[in-house]
Amino acid sequence: MLKGRLLHGGDYNPEQWLEHPEVLREDIGLMKKAGVNCVTMGVFSWAMLEPEEGVYDFGWLEERVRRLGEEGIQVILATPSGAMPHWLTQKYPEVMQVQENGVRNLPGKRHNFCYTSPVMRRKIRALDERLSRQFGSRDNVILWHISNELGGNFSDGACHCTLCQEAFRQWLRERYGTLERLNQAWWGRFWSHVYTDWSQIHSPASHGEWTMSGLTLDWKRFVTWQMGNFCQEEIRAVRKYSDRPVTTNLMGFFKNLDYRRLMQEFDLISWDSYPFWHRSRDEVPEAVWAAAGHSLMRSLKKAPFLLMESVPSAVNWREYNPLKRPGMHMLSAMQALAHGSDSVLYFQWRKSRGAYEKFHGAVVDHFGGDTTRTFREVAQVGVRLSRLSGLLEGTENRPKAAIVFDWENWWALENTTGPRLDLDYPGTVVEHFRAFWEAGLETDFVGMDDPLDDYRLVAAPLDYLYQPGYAERVRRFVEQGGIYVTTCFSGCVDETDLCFTGRHPLEDVLGIVPEELDAPSEEFGNGFWYDGKHYPAKTLCAVVHPKPGTEVLAVYEQDFYAGCPVITRNTWGRGAAYYLSALSDLDFLRDFYRKVGKEAGVENPLGIWLPYGVSVAERRTVEERRRAADGEKAAGDDSAVGRQPRRLVFVMNFRHEPVELSGLDGWRDAESGDACGETLRMEGLDCRILEREGL
């Protein structure tokens with residue numbers, strides 16, 4: 001929470017309206033009416049900030065920053081590298097990306113820059129330093145926004161020019177040291193793909209080498225590394241005259257860049273969330289994906305994040321773009337806060353008159369300033385956020401369950417040939433997440449490098465690639481009392497996509513010996529019984545054998561592996577590990593995780609059954625609670641004096657119909673102070689924030 005406030009506002013593009021001063025005058029008044037306290041400026045403003053090479057014009061931005069400050073409105077100031085001016089691409093065509101087929105892009109669109117180009121780096125650094133010198137210490141400039149939606153252009157978010165090729169080769173030299181080690185890691189003797197000179201290595205391409213999984217995996221690693229290196233240059237530039245924190249807007253489950261690596265360059269996480277609400281009347285599937293996205297972003301630093309972009313009405317880039325129905329805007333805003341956001345920011349403040357996003361939703365429409373339903377609903381969010389700022393200050397989400405989500409595993413899993421070519425790693429992960437979500441069990445997402453000590457239950461579906469040290473971290477987690485769940489097609493390869501041989505890296509912890517893996521068609525569908533109910537075994541079916549002492553909880557019922565384990569449980573130290581030999585369906589995951597969650601002591605914070613479509617998330621004042629537990633006093637911390645620890649539970653109804661929750665004696669509405677009583681009625685698309693009486 002920056003400057004003690006939940007941020008409300010979004011992308012503001014006054015440079016589009018410089019010929020209309022009456023519009024700029026109106027903007028400030030409308031922002032005050034909408035409860036806007038923060039705007040983002042400069043994201044795509046390079047052509048206006050530097051209209052000619054070396055000629056800078058900050059007058060319009062200076063005027064807006066000053067006027068916004070006079071009205072108490074904060075500014076997130078962006079670096080404009082996301083879109084290049086035509087004078088730059090005309091004079092220096094090498095700043096534009098080259099596609100994998102060797103063709104250099106023409107000018108235009110966004111994210112078209114080569115992140116290796118010395119010219120691009122020199123030009124954006126000069127502009128960034130001037131922005132930093134002029135605006136970096138302004139009272140109302142609170143944050144630097146580096147570039148925009150990095151890597152969001154072509155299929156792999158990469159440039160394949162000769163400069164990038166040489167940078168890739170240098171990166172490989174530093175990673176492997178010798179060609180001998182590289183050839184071994186990539187298994188180069190297969191198909192006679194042995195490299196004898198570094199210059200022979202080229203990025204993966206459909207008209208060249210794309211069959212070496214080690215090459216493809218390392219190329220994606222390099223792309224993230226080089227993008228991070230580019231960001232480092234921009235960050236150094238804005239920090240030359242400024243001490244403000246830095247962020248960039250991420251995109252949730254975005255495949256091109258490894259956000260766990262990239263986020264190390266930034267002080268806080270922000271992201272752009274655009275759920276497809278009203279795809280059908282059942283909003284639950286989209287609510288699950290939105291919750292998973294928020295949780296993934298929060299988990300990158302295990303800290304509150306910023307919702308940098310959302311839409312108050314409708315987007316413009318899907319096949320069809322329904323408006324948010326009444327109530328959905330408030331509910332989606334509250335969902336972001338529930339899962340750890342300290343802001344609700346929009347793209348965009350005012351609709352553009354022309355070009356690609358002229359029909360993208362905005363707070364202010366083409367017609368009518370404050371007279372639209374969208375404006376009124378945004379203003380209602382602004383009022384609620386102003387009330388919640390004090391309530392949520394110092395609060396964090398601290399789940400006791402986690403799901404492993406690793407970008408390098410994603411790249412390797414979906415690039416491998418066999419046993420199936422249609423595996424959907426994030427889809428499978430989110431299906432497991434949904435089972436937790438429906439039970440009210442909040443989760444973090446962790447990478448394979450992350451510590452597991454804070455959790456009681458860790459699930460790792462389709463954990464195909466094991467990073468160095470991961471198996472040992474899991475072993476220690478279970479030994480110390482944790483519950484670990486993994487599935488078939490896990491622990492297959494090392495970090496260079498070479499198959500493990502001899503034994504599974506976690507064979508002792510899992511208590512199983514793998515034999516083979518089937519990818520059956522629907523005609524060879526299988527099934528199993530678990531806890532008195534029947535479920536399908538489909539997509540992938542591993543044939544494994546239990547080791548002595550391993551409990552077999554379910555077996556295949558047919559085919560040549562009938563009687564082989566589908567679900568096993570093995571005690572290891574003070575904890576236990578479950579192995580799911582087959583992929584099943586959501587019904588199974590619901591029942592399985594409710595039971596395993598109880599075993600792990602992971603609880604729904606309300607302690608009640610939740611009807612379909614209702615979810616919960618908890619934010620609590622972690623630091624005050626820790627100090628109290630340690631017997632410490634917040635000496636010298638005036639902000640902590642008199643502040644009571646809070647445990648706030650967001651209860652969200654994603655159904656269009658009212659629901660009733662029972663068993664809430666002892667809980668009260670944190671906003672109104674009213675007791676809930678035994679039964680709480682919630683309207684459709686409603687969110688209530690509850691706290692325990694007496695806490």
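Computed over heavy atoms, backbone and side chain alike; hydrogens, waters and symmetry mates excluded.
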Lys/Arg N to Asp/Glu carboxylate O, [X] vs [Y], below 4.0 Å:
X      : Y      : value
Arg668 : Asp674 : no
Glu286 : Arg279 : yes
Arg66  : Glu70  : yes
Glu414 : Lys255 : yes
Arg681 : Asp686 : no
Glu431 : Arg434 : no

**Message:** Does Phe347 form a ring-ring contact (aromatic ring centres under 6.0 Å, His included) with Tyr274? I'd like the steps, not just the answer.
**Reply:** CA-CA 10 Å; Phe347 182 83; Tyr274 292 100; 7.6 Å; no
Side chains of Val65 and Phe135: closer than 4.5 Å at any heavy-atom pair?
->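 Touching, per the 4.5 Å side-chain cut-off.
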Q. So do the side chains of Leu49 and Pro80 get within less than 4.5 Å of each other, counting heavy atoms only?
A.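 When only atoms from C-beta onward are counted, Pro80 and Leu49 do touch, with a gap below 4.5 Å.
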message = Looking at Ile403, is its backbone amide N or carbonyl O close enough to the side chain of Thr443 to form a donor-acceptor pair, meaning the two atoms are under 3.5 Å apart?
response =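 Not at all, since once roles are kept as given, no pair shorter than 3.5 Å links the two residues.
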Salt bridge (charged side-chain N to carboxylate O under 4.0 Å, His left out): which pairs involve residues 356-373, sequence neighbours left out?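 Found Lys33-Asp370, Lys351-Asp365, Arg373-Glu377.
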So, Asp27 versus Trp349: side-chain donor-acceptor pair below 3.5 Å or not?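 Yes, a side-chain donor-acceptor pair sits under 3.5 Å.
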Check: Ser662/Glu678 side-chain N/O donor and acceptor closer than 3.5 Å: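 Glu678 and Ser662 do not have a side-chain donor-acceptor pair below 3.5 Å.
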Q | For Trp277, side chain to side chain donor-acceptor pair (under 3.5 Å) partners two or more places apart | A |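 None.
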**Message:** Angle between ring planes, Tyr259 versus Phe254, binned at 30° and 60°: parallel, tilted or perpendicular?
**Reply:**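 Judged by the thresholds at 30° and 60°, the geometry between Tyr259 and Phe254 is parallel.
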Would you say OH of Tyr320 has more than 12 non-hydrogen atoms from neighbouring residues, nucleotides or ligands within 6.0 angstrom?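 Yes, OH of Tyr320 has more than 12 neighbouring heavy atoms, counting only those of other groups under 6.0 Å.
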- Message: Using a 6.0 Å cut-off, check whether atom CZ of Arg387 has over 12 heavy atoms from anything other than its own residue.
- Response: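 For Arg387, atom CZ is crowded (more than 12 foreign heavy atoms under 6.0 Å).
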For [X] and [Y], I'd like to know if the aromatic rings sit close, meaning centre-to-centre distance below 6.0 Å.
X      : Y      : value
Phe305 : His339 : no
Trp410 : Phe405 : yes
His8   : Tyr346 : yes

Pair up each side-chain donor or acceptor in residues 262-271 with any protein partner under 3.5 Å, not counting sequence neighbours, and list the distances.
unit_1, atom_1, unit_2, atom_2, d
Gln264, NE2, Arg260, O, 3.4
Glu265, OE1, Gln232, NE2, 2.9
Glu265, OE2, Gln232, NE2, 3.2
Asp267, OD1, Arg239, NH2, 3.1
Asp267, OD2, Arg239, NH2, 2.6
Asp267, OD2, Val246, N, 2.8
Ser270, OG, Thr247, OG1, 3.0
Ser270, OG, Thr248, O, 2.9
Trp271, NE1, His294, ND1, 3.2

How many angstroms lie between CZ in Arg655 and CD in Glu283, if you round to the nearest 0.5 Å?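 With rounding to 0.5 Å, CZ (Arg655) is 12.5 Å from CD (Glu283).
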* Taking atom CG of Leu385 and atom CG of Leu392, what is their separation to the nearest 0.5 Å? ->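 The CG atom of Leu385 sits 9.0 Å away from the CG atom of Leu392.
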Looking at Trp17, I'd like to know if the NZ or CZ of Arg350 sits under 6.0 Å from its six-membered ring centre while staying within 45 degrees of the ring's axis.
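Satisfied, under 6.0 Å and within 45°.
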Would Arg318 count as a cation-pi partner of Phe276, with NZ or CZ less than 6.0 Å from the six-membered ring centre and within 45° of the ring normal?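 Because its charged atom sits under 6.0 Å from the ring centre and within 45° of the axis, Arg318 does stack over Phe276.
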